[in-house]
Every structure is written in C-alpha cells, then in structure tokens.
A.B. asks: 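Below: one structure in structure tokens.
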Amino acid sequence: MRYWLMKSEPDDCSIDDLAAMPGQTVAWYGVRNYQARNFMRDQMQLGDLAFFYHSSCAEPGIAGIVEVARRAYPDATQFDVSSRFFDAKSSHENPRWLNVDVRFVRKTPLIALAELRRHAALEQMRVLQKASRLSITPVDPAEWRYITEQLIGSA
DNA sequence: GCCAACGTTGGC
DNA sequence: GCCAACGTTGGC
C-alpha cells in the first residue's frame, strides 16, 4: 500500500468533476512522462491512496483524496487521432502509455501549496521541490499522515 | 504573460 | 553518446 500525489488541472478535471462522474471514477489518461508512467505501471496497486492536487490554476494545492480503482492498462487516447494525447509512435501491439483508474474518496479543504511550504515536516515532498513538474509523485507515509492528520484533520 | 527548469528530440 | 534546440510545465 503506497501513497501518491496526482496533479490535475481543475479546468480539465477538478475534484468536483471527479465526484460527479459515473461511479465517481475516471481514467487517469494523458500522462506522457516516462517516470510518471512507470510509477503507474510498476508500483501502483489497487487501493493505493493519492492526494488529488489542483495545478496550473489560481489556487494550486491538495483538493481531495482518491484511490486506485484499476491497475495500469493502455491509455486509449494515445490511439485516438482526434485527441491531443495522440501518439503516432505508439501501437496497439506495443503501447507506450498507460493509465490507472482513480475513484473519488473524499473532498478536503484546499491545502494550498503555500500552506504545504510552511511545514518543515513536508520540506522533502517531491511536489515542493524547485520546479517539480512530475504529475505523479510518491508520498512518504509520514508525510501522508502529517497532511491528513495535522492539516486536513484540523481544517 | 513571464520565465526557470526540465524532458525529449535529432543531427552529428 | 553528446549536446543544442525546442517544447512543456506550472508557479507567480
């Protein structure tokens, strides 16, 4: 059982959008970075929990919690010529990109990026490192506990 | 809109 | 295999 942080642009899919989806579940498609893909392929297990992080928006930060509802399988958008995620170099025989499905667990009070930065206990978090662009990052269990108990729990 | 940081591409 | 050029991310 691992913990993660997964970035989503709320203009594309916010935590409220996810909560409104059928089954409150969505395919985490569109990841086009090998490191993030490998996390999904090699390490994500059913039931893993992740912070749902809003990025590239007015108030970046943690907005909710999701769980892995299906293990990694080929990302359909890589084969869809009409998709902005289409990849001509991928093939059905040897798909380059994968995604998991995630399911809504709960919404949280927004824990802003600026707030996360205020806590020394979190200073090693990947998402707080300078120019951290990786859309999926592992979260240390101690960091997970700190955020859920100290920040979300008291908010 | 700016810009720093980073990943990818492709020529050599 | 190097590395410059380019594209993207994402906070501000």
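Small disclaimer: the values here were computed from a predicted structure and weren't measured. Labels below follow one simple rule: chain letters A, B, ... track the order of the sequence lines, proteins then strands, and each chain is numbered from 1.
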A.B. asks: With a cut-off of 3.5 Å and sequence neighbours excluded, list every side-chain donor-acceptor pair involving residues 134-144 of chain A.
C.D. replies:
unit_1, atom_1, unit_2, atom_2, d
A:D140, OD2, A:A142, N, 2.9
A:E143, OE1, A:D140, N, 3.1

A.B. asks: Just grab all the ring-ring contact (aromatic ring centres under 6.0 Å, His included) pairs involving residues 115-134 of chain A, residues at least two apart or on different chains.
C.D. replies: A:H119-A:Y146

A.B. asks: Starting from the first five and the last five pairs of the helix from B:dG1-C:dC12 to B:dC12-C:dG1, work out the angle between the resulting helix axes, to 10 degrees.
C.D. replies: 10°

A.B. asks: Sequence neighbours excluded, which residues qualify as side-chain hydrogen bond (donor to acceptor under 3.5 Å, both in side chains) partners of A:W28?
C.D. replies: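 So A:W28 forms no side-chain hydrogen bond (donor to acceptor under 3.5 Å, both in side chains) with any residue.
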
A.B. asks: Is there side-chain contact between A:R71 and A:Q45, with heavy atoms separated by less than 4.5 Å?
C.D. replies: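 Result yes, sub-4.5 Å side-chain heavy-atom pair found.
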
A.B. asks: Which residues satisfy the side-chain hydrogen bond (donor to acceptor under 3.5 Å, both in side chains) test with A:D11, sequence neighbours excluded?
C.D. replies: none

A.B. asks: Among residues 89-99 of chain A, which residues get a heavy atom nearer than 4.0 Å to DNA chain C?
C.D. replies: none

A.B. asks: Which residues pass the ring pair (Phe, Tyr, Trp, His ring centres under 6.0 Å) test with A:Y73, sequence neighbours left out?
C.D. replies: none

A.B. asks: List in chain and number order the residues that pass side chain to side chain contact (heavy atoms under 4.5 Å, CB included) with A:K89, two or more places apart in sequence or in another chain; answer none if no residue qualifies.
C.D. replies: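 Residues passing side chain to side chain contact (heavy atoms under 4.5 Å, CB included) with A:K89: A:D87, A:R96.
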
A.B. asks: Which residues satisfy the side-chain hydrogen bond (donor to acceptor under 3.5 Å, both in side chains) test with A:R145, sequence neighbours excluded?
C.D. replies: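 Partners of A:R145 by the side-chain hydrogen bond (donor to acceptor under 3.5 Å, both in side chains) criterion come out as none, since no residue qualifies.
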
A.B. asks: Taking protein heavy atoms under 4.0 Å as touching, what does nucleotides 6-12 of chain C look like 5' to 3' if B marks base contact, S marks sugar-phosphate-only contact and - marks none?
C.D. replies: -BBBBSS

A.B. asks: List for me each residue that meets side chain to side chain contact (heavy atoms under 4.5 Å, CB included) alongside A:A112, sequence neighbours excluded, and say none if there are none.
C.D. replies: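 With sequence neighbours excluded, A:A112 shows a side chain to side chain contact (heavy atoms under 4.5 Å, CB included) to A:L110, A:E115, given in chain and number order.
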
A.B. asks: Pairs of donor and acceptor atoms involving the side chains of residues 53-70 of chain A, under 3.5 Å and at least two apart or interchain, shall be tabulated with distances.
C.D. replies:
unit_1, atom_1, unit_2, atom_2, d
A:H54, NE2, A:I15, N, 3.2
A:E67, OE2, A:R103, NH1, 3.0

